[in-house]
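Below is one structure, written out as structure tokens; the observations come after it.
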2 protein chains.
Amino acid sequence: MHLSRRIEPLYRELAAVLREELQRMSPGDYLPGELQLAARFAVNRHTLRRAVDELVLEGRLLRRQGKGTQVLAKPLIYPVEAGSAYSQSLSALGHRVEARLIERIRRPGSGEECRHLQLADGSELLELATLRLLDGQPMSLIRHRFCASLAPLLADYQGGSLRQYLGQRDLPLARTFSLIGARLPSREEAAHLLMPRHVPLLSVLTLSRDPAGRAVELAQSSSRADRFQYQVAT
Amino acid sequence: MHLSRRIEPLYRELAAVLREELQRMSPGDYLPGELQLAARFAVNRHTLRRAVDELVLEGRLLRRQGKGTQVLAKPLIYPVEAGSAYSQSLSALGHRVEARLIERIRRPGSGEECRHLQLADGSELLELATLRLLDGQPMSLIRHRFCASLAPLLADYQGGSLRQYLGQRDLPLARTFSLIGARLPSREEAAHLLMPRHVPLLSVLTLSRDPAGRAVELAQSSSRADRFQYQVAT
DNA sequence: GGCGATTTGTCCGTATGTATC
DNA sequence: AGATACATACGGACAAATCGC
């Protein structure tokens with residue numbers, strides 16, 4: 001049925017055409033519907049979808065069921081000072097920083113978590129999950145874990161800088177070490193961060209201590225690697 | 001035709017089942033064929049393929065046309081001190097470290113490279129590319145860039161620890177800063193590192209200075225994020 | 001809020017191409 | 001050359017999310 005032996009599969013040729021056309025579109029624009037595009041290229045809708053899959057995987061398009069497929073902006077990279085608090089270094093650069101609390105749960109800690117926090121194995125932890133936005137764009141997810149005894153102190157936290165919140169309540173924190181890795185996002189993480197599945201997350205595990213040296217917070221931040229770099233000064 | 005409203009799409013449920021079953025298989029094992037698996041779960045082959053797609057994207061499976069679909073090894077993660085020399089921290093832990101020189105070229109530096117190295121714009125650079133292996137497994141690619149005037153000093157380098165080589169020639173180096181990011185490998189990088197395209201690289205740009213404070217080496221290391229984490233102590 | 005219309009998401013069926021052994 | 005495996009492409013159907021009326 002195929003007219004000639006193509007060197008490239010059809011869906012990849014389509015992807016190349018679309019990729020080229022995207023450059024003449026503006027971020028935020030919507031692609032024509034799938035049926036419409038499939039008709040234009042005279043291919044089956046599945047073949048067109050497969051082509052669009054490629055561009056979604058490359059981070060160029062965002063698909064939303066019921067709405068359409070949108071052209072994404074080319075990402076900027078924000079270098080973040082690894083040593084300082086999350087919000088400070090960026091807002092100092094004139095960026096608008098937001099932190100939204102998206103989850104607050106109590107649960108028993110894993111062995112490793114309790115070890116880091118110097119708690120007895122299986123101690124109850126308070127976990128807060130926050131979504132960080134930079135200039136309105138979702139950038140990072142952070143899971144903060146505290147000993148559950150700190151729950152009263154954190155009861156009023158609803159968003160904004162967590163470091164500042166704790167500092168105002170006489171619990172200033174300082175980082176003691178960080179473990180930096182990278183991985184692909186889970187489906188939930190990708191959904192929260194409005195990002196494609198294939199773009200890596202830069203993942204940083206940090207342990208923070210109070211002035212007396214007690215381990216207080218174990219935080220796991222996961223940031224879009226296409227928008228973030230961590231800078232470590234020595 | 002659907003029996004009930006599923007919370008998760010079928011292909012994701014299948015993926016979860018397969019992911020679980022993979023843990024009882026050994027690296028190198030082949031999955032049963034797609035038709036066979038589809039029959040076992042009583043789904044269409046496309047639906048099964050979609051489930052396997054998920055696991056391939058997660059880096060758990062390797063598909064090869066005509067051969068089959070193979071279980072990949074669960075990677076070990078080596079924490080590496082970000083501040084110290086590459087070889088030292090790992091060989092101290094009892095790992096076998098190798099460095100192979102794979103390229104040596106002279107070329108004009110880009111604006112950014114020259115700026116970091118405090119050279120005039122367009123100055124000639126010497127670039128060495130090394131492949132690092134840990135316990136026989138390729139782990140990292142490093143591109144070292146020096147001012148070309150150092151070429152005589154580096155003429156004899158053929159592999160092994162570069163820091164040690166320079167230290168023995170009265171040019172000890174110390175890191176001044178690191179910029180850490182993550183990205184997916186290029187086709188070439190994936191080939192050198194014998195890794196799948198969808199596993200992220202942890203990428204670290206470091207500038208090193210000699211005891212007099214002169215910027216000497218700009219190094220860009222790219223390490224398999226499924227095997228490496230960087231540890232930063234503060 | 002309800003109700004279509006539109007758009008993307010999932011699933012099935014079938015056929016054929018291509019790589020490997 | 002034949003068998004088997006994955007890859008691509010076509011087709012149809014319905015589900016689920018979104019939006020406007």
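Below, chain A is the first sequence line, B the second, and so on; all start at residue 1. Bear in mind the structure is a predicted one, so any value in this text is a computation, not a measurement.
- Pairs engaging residues 215-224 of chain A under the salt bridge (Lys or Arg N to Asp or Glu O under 4.0 Å) rule: A/Arg163-A/Glu217, A/Arg224-A/Asp226 [sequence neighbours left out].
- Side-chain atoms of A/Gln231 and B/Ser178 include no donor-acceptor pair closer than 3.5 Å.
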For residues 20-28 of chain A, which side-chain N or O atoms pair as donor and acceptor with protein atoms under 3.5 Å away, sequence neighbours left out?
{"unit_1": "A/Glu20", "atom_1": "OE1", "unit_2": "A/Arg24", "atom_2": "NH2", "d": "2.5"}
{"unit_1": "A/Glu21", "atom_1": "OE1", "unit_2": "A/Arg40", "atom_2": "NH1", "d": "3.4"}
{"unit_1": "A/Glu21", "atom_1": "OE2", "unit_2": "A/Arg40", "atom_2": "NH2", "d": "2.7"}

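- A donor and an acceptor atom sit less than 3.5 Å apart, one in the side chain of A/Arg45 and one in the base of C/dG9.
- In the set D/dT8, D/dC6, C/dC11, the nucleotide with an atom closest to the side chain of B/Tyr11 is C/dC11.
- The distance between atom CG of A/Leu61 and atom P of C/dT7, rounded to the nearest whole Å, is 16 Å.
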Taking only N/O atoms, report every protein-nucleotides 2-6 of chain C pair under 3.5 Å with atom names and distance.
none

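- Among C/dT8, D/dA9, C/dC21, the nucleotide with an atom closest to any side-chain atom of A/Leu10 is D/dA9.
- Near-neighbour residues of DNA chain D inside residues 21-33 of chain B, defined by a heavy atom below 4.0 Å, number-ordered: B/Gly33.
- In this structure, B/Glu13 places its CD atom 13 Å from C1' of C/dC11, rounding to the nearest Å.
- Which of D/dA7, D/dA16, C/dG13 sits closest to the side chain of B/His46 comes down to C/dG13.
- Straight-line distance from the CD atom of B/Gln65 to the C1' atom of C/dT20: 9 Å, rounded to whole Å.
- When the ring pair (Phe, Tyr, Trp, His ring centres under 6.0 Å) test is applied to B/His144, no partner is found at least two apart in sequence or on another chain.
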List the steps and the verdict of side chain to side chain contact (heavy atoms under 4.5 Å, CB included) for B/Thr47 and B/Leu14. CA-CA 9 Å; B/Thr47 305; B/Leu14 281 182; 4.2 Å; yes

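- Across all strands shown, A/Arg49 has heavy atoms under 4.0 Å from base atoms, whether or not it also approaches the sugar-phosphate.
- Atom CG of A/Asn44 is separated from atom C1' of D/dA9 by 7 Å (rounded to the nearest Å).
- B/Thr69 and B/Arg64 share no donor-acceptor pair across their side chains, judged by distance under 3.5 Å alone.
- In terms of the ring pair (Phe, Tyr, Trp, His ring centres under 6.0 Å) criterion, residue partners of B/Tyr157 (sequence neighbours excluded) are, by chain and number, B/Tyr165.
- Looking at the side chain of B/Glu34, the nearest of the listed nucleotides D/dC6, C/dT10, C/dT8 is D/dC6.
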Is there a side chain to side chain contact (heavy atoms under 4.5 Å, CB included) between A/Arg175 and A/Ser208? Walk through the geometry before answering. CA-CA 4 Å; A/Arg175 293 188 193 213; A/Ser208 298; 4.1 Å; yes

